[in-house]
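Everything below concerns the one structure shown next.
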Amino acid sequence: MELNQEQTQAAHYSGDAKHLLILAGAGTGKTRTIIGRVIFLVQSGVPAQRLLMLTFTRRAAKEMLARLEKDLGQIAHTITCGTFHHFCLQVMRRIPKAFQLENSTIIDRDDAQSLLQLIRGDQVRKEIKKEFPRAATLLNYISYAKNSCLALETYLYQFTELSEEFIELTLAISTEYENRKRNRQYLDYDDILHLFCKTLEAKPELAAKIAGLFQHILVDEMQDTNPLQWRILQQLSSARLFCVGDDAQSIYAFRGADFKNVHAFSERLEHSAVLKLQENYRSTQPILDIANWLLDESHIDYNKRLVAVRGHADKPVLIDFESKHDEAAWIAADLLERHEGGAPWHQHMVLVRSAWSAKVLEGALIDAGIPYQFIGGTSLLEAAHVKDVLSLCRAAMNRRDELAWIRYLKCWPKIGDITASKTVAALLASDPAEDIKEVVRAQLKKRDDIIKGIEIIQNNHGTPSQAIRLATEHMATVFHHKYDRWESRLSDLRLLADLASRYKDLLGFVETYTLDPVSNSQAEKTETEDAVTVITVHSAKGTEAPVCYCLGVQPGTYPHMRSLGDLDAEEEERRVLYVALTRAQDELIITRAGDDSRTLFHGGSFVQSAGSPYFLEYLPPDLVEHRQYGYGLGMANNSILDELLAFDDI
DNA sequence: CACAGATTGGTTTTT
DNA sequence: CCAATCTGTG
Ligand SMILES: Nc1ncnc2c1ncn2[C@@H]1O[C@H](COP(=O)(O)OP(=O)(O)OP(=O)(O)O)[C@@H](O)[C@H]1O
């Protein structure tokens, strides 16, 4: 693999500094350099087992391993490589006693939210129920505070507008949430990091042992490290750190990341150095010109100017549509045309701001018969019916798994919150020697079908795939009634059973799956099928494609409505758009639609509503080729019809 | 009383 | 488009 001079200097570094940070713009080969570093280290005689690679997404971890395998062969798989969460959990599962983590269940966001909802229901008075933050919001607060290592109280007073009464109540709910998790032996995503970090800080000998396993730790996308992850890195810093990042691509502030942290790298770690990479290898210059312009517009000086090694090419295209349906239909038609012209589907990527905003496009792609995979948001396999089946698996194996029990029981007709809660209470109070099935039978007379489900899992827990297949069959009639489009949902459950066939232990499968609900299935799909990628910008960090469409680049989306009024949040939105624009290698197509309820369309140009900012408002016309489709059959600005606008209310 | 279906209101991003 | 609440029925 070829590296340029700067990249080589970083990858082959053997100077005085113990820790290195490579700070460089998009497409300058940071990922390539980290791979180069690993190859260099292995070839210099560092055993691959003594390398640890940490990433922020499963997808990134998988990609890195695949790239390393090309150069290093099977040795690549002896490197410990995964997300922070995955690594911490792996360590803790290997020596559970040291972390007091025996028999615990990992809960995903959905479960965490349900638990908070239960507590919210108990603790919030009826009169204020409507005003009080929802479970999802509460979870965001609790999670943010934990990831930023702030006391929840401090965070709520400083960063939210809640009244004192609401803050007190939120704190009480949070305390109860922690208690319940402890009591039921639940660990949410944040607890994985938190428990790991706390234990290491409390037991220096243990921290030293774990850190001592690795000579080098390599971290990708360092700008997204939050304070909790920083603390973990500091605990492990007897190994040498090699981190890469780009402050202009920091888009995870909502998870506690602060891009200014990378600037503090050399202050936090002694004997460290910062290196830079300057040349962009990914894109053509016109694509970078618009990205550079975007950063220049900011009040923050990112000190970046991307320069393409590849030289010049056509300008990016900016296209206005009257509606998002037109927008989606045009993209589908354009994709078809390119495919007929010989370009495989996988060379195309559509970047969306939110999972929701991709819906219309997905419809258009299905209509046009274009194969695609969607990455981001809640994946197909986090769908309700899949979680129902997994809940049955968990419930049958663990009587204290309150959330799983409630979910499973409520699948059945005539069973709602109250019956489910009563049954759970009986299970929690029951003698561990007593058969679970009998405890349930005593609560729910004449509901043999419910107990049969439990029995099926108990009898088949050694063969997860079969357990899931039989459970699906057993619940088919209920699901058929509960969900529409049953046929397509059934195929999800078949896929689930397939995934499970690689595992020997049902709960082991459920846990892996909870932490990684997407990538397995996705990887399989990309390898075997040629498909267009539709992806949220947040998931797209680090990836690239020859042809990229950035969809819905209109006021209210960039910056997103929700960020308005908070300057830091608005600035982060700029970086989100920056990441989106810099994914393209050869062609960048920016589209926007005028029928967004938040957008005012006026005379063929986009005018922001009520003085809110819009990033492309002052876009210099010479940076793009601007087209407009569908506006009164191509009528451009200054249409005489505009004079009618004043009479719209007649 | 407990559940099921209808209504309403606020809509990001991920491990 | 989903989640929480409201309202009608067994
Ligand atoms: N020295 C090089 N020679 C040829 N191609 C290169 C070189 N360095 C990087 N590239 C190519 O440039 C593209 C971007 O590289 P890479 O993904 O490593 O960049 P990055 O800095 O991680 O980008 P981002 O921050 O946007 O994720 C890749 O297609 C890579 O193959």
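Labels below follow one simple rule: chain letters A, B, ... track the order of the sequence lines, proteins then strands, and each chain is numbered from 1. None of these values were measured; they are calculated from a predicted model.
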For this session: Indicate whether A/F254 forms a stack on B/dT13; treat it as stacked only if centroid distance is below 5.5 angstrom and interplanar angle below 30 degrees.
Result: yes
Problem set entry | Nucleotide B/dT14, atom P - distance to CD of A/Q113 in whole Å | 14 Å
Exercise. Is A/S563 touching bases, backbone alone, or none of the nucleic acid, heavy atoms closer than 4.0 Å?
Worked result: nothing
Exercise. Starting at the 5' end of DNA chain C, which residue's closest nucleotide do you reach first, A/K359 or A/A136?
Worked result: A/K359
Exercise. For A/S357, which contact category applies under a 4.0 Å heavy-atom criterion: base, sugar-phosphate, or nothing?
Worked result: nothing
Problem set entry | For atom CH2 of A/W356 and atom P of B/dT11, their distance in whole Å | 12 Å
Seminar exercise, completed: Under a 4.0 Å heavy-atom criterion, the protein footprint on nucleotides 2-7 of chain B, written with B, S and -, is SSS---
Exercise. Quick one: does A/K445's side chain have a donor or acceptor within less than 3.5 Å of a partner on A/A442's backbone?
Worked result: yes
For this session: Mind calculating the distance between NZ (A/K541) and P (B/dT12) to the nearest angstrom?
Result: 21 Å
Exercise. Checking A/H86 side chain against A/R58 main chain: does a donor-acceptor pair fall under 3.5 Å?
Worked result: no
Problem set entry | Basic-acidic side-chain contact under 4.0 Å: A/D448, A/R441 | yes
For this session: Check every strand shown and say whether A/A355 touches a base, only sugar-phosphate, or nothing at a heavy-atom separation below 4.0 Å.
Result: sugar-phosphate
Exercise. In whole angstrom, what separates A/H85's NE2 from B/dT14's P?
Worked result: 13 Å
For this session: Take atom P in C/dA3 and the same atom in B/dT14, then report the distance between them in whole Å.
Result: 15 Å
Problem set entry | 5' to 3' contact window, DNA chain C with chain A (heavy-atom distance under 4.0 Å) | C/dC1 to C/dT5
Exercise. Closer to the 5' end of DNA chain B via nearest nucleotide, is it A/N147 or A/E573?
Worked result: A/E573
Exercise. Taking the six-membered ring for Trp, are A/Y189 and A/H85 parallel (under 30°), tilted (30 to 60°) or perpendicular (over 60°)?
Worked result: perpendicular
Exercise. Between A/R407 and A/K387, what is the shortest heavy-atom contact and its length?
Worked result: CZ-CB, 3.7 Å
Problem set entry | Polar side-chain contact A/R562-B/dT11 base: donor and acceptor under 3.5 Å | no
Problem set entry | Aromatic contact, A/F254 with A/Y144 (centres under 6.0 Å) | no
Exercise. Reckon A/Q117 touches a base, only the sugar-phosphate, or nothing at all at heavy-atom distances under 4.0 Å?
Worked result: sugar-phosphate
For this session: Just call it for A/R575: base, sugar-phosphate, or nothing, with non-hydrogen atoms closer than 4.0 Å on any strand.
Result: nothing
For this session: Answer with base, sugar-phosphate or nothing: what part of the nucleic acid does A/F84 contact at a heavy-atom distance below 4.0 Å?
Result: nothing
Problem set entry | C1' spacing across the pair B/dT13 / C/dA4, given as an integer number of angstrom | 23 Å
Exercise. More 5' along DNA chain B: A/D190 or A/R134, using each one's nearest nucleotide?
Worked result: A/R134
For this session: For the residue pair A/F87 and A/F214, categorise the inter-ring angle as parallel (less than 30°), tilted (30 to 60°) or perpendicular (more than 60°).
Result: perpendicular
Exercise. So A/W405 and A/Y408, would you call those rings parallel, tilted or perpendicular, with 30° and 60° as cut-offs?
Worked result: perpendicular
Exercise. Are A/K410 and A/D388 close enough for a salt bridge, meaning some N to O gap below 4.0 Å?
Worked result: no
Problem set entry | Side chain A/E201, main chain A/K198, donor-acceptor under 3.5 Å | no
For this session: Report yes or no: is the ring centroid of A/H560 under 5.5 Å from the six-membered base ring centroid of B/dT12, with the two planes under 30 degrees?
Result: yes
